[in-house]
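Atom set for the values below is all heavy atoms of this structure, side chains included, hydrogens, waters and symmetry mates excluded. Since the model is a prediction, treat every value here as computed from it, not as a measurement.
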Amino acid sequence: MKTFLQYCAEDIYNKYADSLNELCIVFPNNRARLFFVEALYKQAGKAIWAPEFSSISELFGLRCPLELGDPILLNSLLFKVYQKQGLDKESFDDFYPWGNLLLKDFDNIDKNLADAGQLFRNISELAAYSDDFEYLSPEQIAAIQRFFAHFETDRSELKKRFIRLWNELFNIYTQFKEELTARNMAYEGMLHRWVVEHFDDKQAFEANSYLFVGFNALSGCEKFLFGKLQKAGKARFYWDYDRYYLNNPGHEAGHFIRENLKLFPNELNESCFDNWKQTAKKIQFIDSSTEHAQVHYAGIWMEQNASKAKEASLSTSQDTAIVLCNENLLPGLLQCVPSQIEELNVTMGYPVKQTSVYHLIRQVLFLHCDNRGKKTFRSRYVLPLLQNPYVRKCSPEAAALEKELRIKNRLYPEYDELQQDDLLSLLFSPVKTAYELGELLLKLFSLLSQTIDNDDETNTETGQTDNKTNEIYLPLFQEALFKSYTQVQRLNALLKKDLLEINLQTYKNLLLQVLDLSVPFSGEPLNGLQIMGMLETRCLDFKNILML
């Protein structure tokens with residue numbers, strides 16, 4: 001069975017073998033590009049000049065003078081605009097998660113070229129909705145009317161707050177974009193919309209042809225760009241689908257593809273997309289009482305799959321994938337990987353919140369936010385820090401100090417009795433502002449990194465390794481430390497420029513939210529068992545799939 005990317009590689013090589021370097025191929029994700037490059041190389045059978053590769057965001061970004069803004073800075077600027085509207089007062093850390101949602105909404109508005117003025121129209125003008133939204137189906141219009149009907153009667157305080165906020169959203173949207181433009185900055189959707197609204201047929205699209213591979217649901221901006229390049233004779237399209245659902249008008253999986261094929265015809269023949277009926281599929285549904293049980297079964301499944309492949313002298317290679325619909329299952333799944341699996345490729349990241357680095361940061365934040373100018377620290381926050389494995393590794397006095405505090409039953413130890421070496425002096429030095437706390441964390445990260453790097457060099461020279469501290473040398477720790485350092489540094493840069501005005505408690509809450517990110521894994525992407533999220537499966541085909 002040929003995969004979709006193999007069909008694409010064959011067609012592209014046959015059509016452009018002598019001019020591959022004049023192409024720009026655009027994929028929905030980086031994983032698809034890696035598999036395509038391998039397929040293209042096998043198709044050519046020799047070394048060739050590769051085409052240019054791009055993501056859709058890069059294609060827009062290179063043609064816009066605005067720069068993509070830092071997410072934290074975007075949120076803080078949005079908060080300042082929000083405050084100017086005279087709405088309910090709230091702290092930045094309370095606003096932050098909602099601000100992220102609002103940024104996503106603004107991003108969707110711009111990517112789909114929606115009229116924000118119509119969208120955020122005053123709720124009192126309800127009748128205008130059904131008049132203006134002629135393009136909506138009767139069901140969609142009825143749903144909108146039912147939603148806003150709730151605000152015509154029985155207006156509780158919550159509904160009144162919603163109405164006040166809704167009626168100000170267009171002002172927030174407009175003023176926020178004006179603020180960003182003045183700073184030569186944009187969020188992704190704003191950047192895409194700028195390119196569309198300032199599009200010039202003479203605009204620099206240097207490649208002779210742009211090949212768009214494996215897209216599905218297109219935004220308004222993407223449709224516009226595709227159409228313009230198609231009209232100029234510079235665009236070709238490769239859609240990934242199956243005739244089984246494409247030709248079934250009631251099947252939702254084919255909804256966007258049917259629309260795309262009408263606008264942008266496929267370069268591949270229909271015969272390439274009849275896989276569902278051509279080859280038999282063995283599909284098994286397995287009941288599971290809990291998510292933990294799913295992960296446990298995945299370990300058994302991997303072991304059985306590896307044994308079958310070994311008996312048949314086959315390599316599971318890239319033919320097998322585990323797809324996680326809930327990416328929070330990844331840490332548990334990694335614990336269940338059997339020893340028979342020698343090669344593993346993980347396309348998702350490991351949550352920073354589940355690393356020991358995050359727990360150390362959390363302990364430091366709670367220690368200092370509880371202090372509030374007192375001359376002592378509380379032992380309930382001091383003792384966990386002294387017990388932390390990284391603090392113990394880097395501080396020669398931590399274990400003895402913890403033992404002494406317990407013997408003396410010191411509930412409120414003073415600063416001077418805690419500051420017994422460089423690391424402890426840093427940890428237990430009081431701070432007054434959020435910026436000072438950020439600087440303390442940055443110095444802590446540097447000290448931890450230097451100590452562990454030095455110990456690693458010593459172990460390498462002597463050939464000795466302490467099993468108890470093996471975990472410290474894992475790349476996961478180093479990556480989590482680097483990610484955390486970057487986020488704290490970005491926050492401190494905003495504080496230094498007075499773009500954020502927050503107290504210690506707000507800083508703690510905000511930083512813990514900002515650290516909700518992932519540590520990327522590194523490795524050979526084309527070898528071994530593939531573990532990926534749902535979106536990473538786009539354009540890819542596998543013989544064996546376990547979907548949790």
- Go through Leu102 and Leu169 one step at a time and tell me if the side chain to side chain contact (heavy atoms under 4.5 Å, CB included) criterion holds. CA-CA 9 Å; Leu102 199 54; Leu169 279 179; 3.9 Å; yes
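- Here the CG-CG distance, from Leu517 to Leu515, works out to 6.0 Å after rounding to the nearest 0.5 Å.
- By the 4.0 Å N-to-carboxylate-O rule, Glu188 lies close enough to Lys111 to be salt-bridged with it.
- Defined by atom type and a distance below 3.5 Å, a donor-acceptor pair is present between the side-chain atoms of Asn171 and Glu168.
- Taking a cutoff of 4.0 Å between a charged side-chain nitrogen and a carboxylate oxygen, Lys80 and Glu179 do not qualify as a salt bridge.
- Taking 4.0 Å as the cut-off between side-chain N and carboxylate O, Arg406 and Glu402 count as a salt-bridged pair.
- For Arg362, the CZ atom counts as loosely surrounded, since its 6.0 Å shell holds 12 or fewer non-hydrogen atoms of other residues, nucleotides or ligands.
- Thr506 and Asn509 form no side-chain donor-acceptor contact under 3.5 Å, judged by distance and modelled atom types alone.
- For the residue pair Asp110/Tyr187, the side-chain donor-acceptor check at 3.5 Å is satisfied.
- Nearest heavy-atom pair, Arg538 versus Ala32, reported as atom, atom and distance to 0.1 Å: O-CB, 4.0 Å.
- For the atom pair Leu165 CG and Ile172 CD1, the distance stands at 6.0 Å (nearest 0.5 Å).
- Surrounding NZ of Lys443 are at most 12 heavy atoms belonging to other residues, nucleotides or ligands under 6.0 Å away.
- Between the side chains of Ser219 and Asn112, no donor N or O sits under 3.5 Å from an acceptor N or O.
- There is a side-chain donor-acceptor pair under 3.5 Å between Glu291 and Asn326.
- The two residues Ala434 and Ile502 come nearest to each other via the heavy atoms CB-O, 3.8 Å.
- In this pair, Phe106 and Phe176 present their aromatic rings tilted. The plane angle is within the 30 to 60° band.
- Inspection of the Gln85 and Gln175 side chains reveals an N or O donor paired with an N or O acceptor under 3.5 Å.
- Checked against a 6.0 Å centroid threshold, the rings of Tyr415 and Phe377 count as neighbours.
- Closest approach of Met190 to Thr181, counting heavy atoms only: CE-OG1, 3.2 Å.
- With values rounded to the nearest 0.5 angstrom, Leu334 atom CG is found 11.0 Å from Leu329 atom CG.
- When ring centroids are compared, His368 and Tyr381 stay outside the 6.0 Å threshold.
- The heavy-atom pair separating Leu448 from Cys394 by the smallest distance is CD2-SG, 3.4 Å.
- Considering OH of Tyr412 and CG of Leu405, their distance stands at 14.0 Å, rounded to 0.5 Å.
- Side chain of Arg392 to backbone of Leu386: a donor-acceptor contact under 3.5 angstrom is found.
- The local environment of CG in Asp422 is sparse, with at most 12 non-hydrogen atoms from other residues, nucleotides or ligands closer than 6.0 Å.
- Between the Glu58 side chain and the Ser54 main chain, no donor and acceptor come within less than 3.5 Å of each other.
- Taking the ring centroids of Phe95 and Tyr82, they lie under the 6.0 Å cut-off.
- Between the Gln419 side chain and the Asp416 main chain, no donor and acceptor come within less than 3.5 Å of each other.
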- Task: Check the pair Leu367, Val382 against side chain to side chain contact (heavy atoms under 4.5 Å, CB included), reporting the backbone distance first and the verdict last.
- Result: CA-CA 7 Å; Leu367 173 81; Val382 172; 3.9 Å; yes
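- Atom CG of Leu427 and atom CD of Gln363 lie 10.0 Å apart (nearest 0.5 Å).
- Summarising the local packing, CD of Glu67 is surrounded by 12 or fewer heavy atoms from other residues, nucleotides or ligands at distances under 6.0 Å.
- With Thr355 contributing its side chain and Pro351 its backbone, the two residues share no donor-acceptor pair below 3.5 Å.
- Formation of a donor-acceptor pair under 3.5 Å by the Ser449 side chain with backbone atoms of Ser446 is not found in this model.
- Nearest heavy atoms, Val357 versus Ser484: CG1-OG, 3.8 Å.
- With a 6.0 Å cutoff to the six-membered ring centre and a 45° limit on the axis angle, Arg33 counts as a cation-pi contact of Phe53.
- Between the Glu327 side chain and the Leu324 main chain, no donor and acceptor come within less than 3.5 Å of each other.
- For the atom pair OG1 (Thr347) and CG (Leu330), the distance works out to 9.0 Å, reported to the nearest 0.5 Å.
- Within the 6.0 Å centre-distance limit, the rings of Phe477 and Tyr390 are counted as a close aromatic pair.
- Side-chain polar atoms of Asn544 and Asp319 form no donor-acceptor pair below 3.5 angstrom.
- The heavy-atom pair separating Arg193 from Lys177 by the smallest distance is CD-NZ, 4.2 Å.
- Within a 6.0 Å sphere centred on NE2 of His292, other residues, nucleotides and ligands contribute 12 heavy atoms or fewer.
- Checking Asn29 against Glu536 by side-chain atom types alone, no donor-acceptor pair falls below 3.5 Å.
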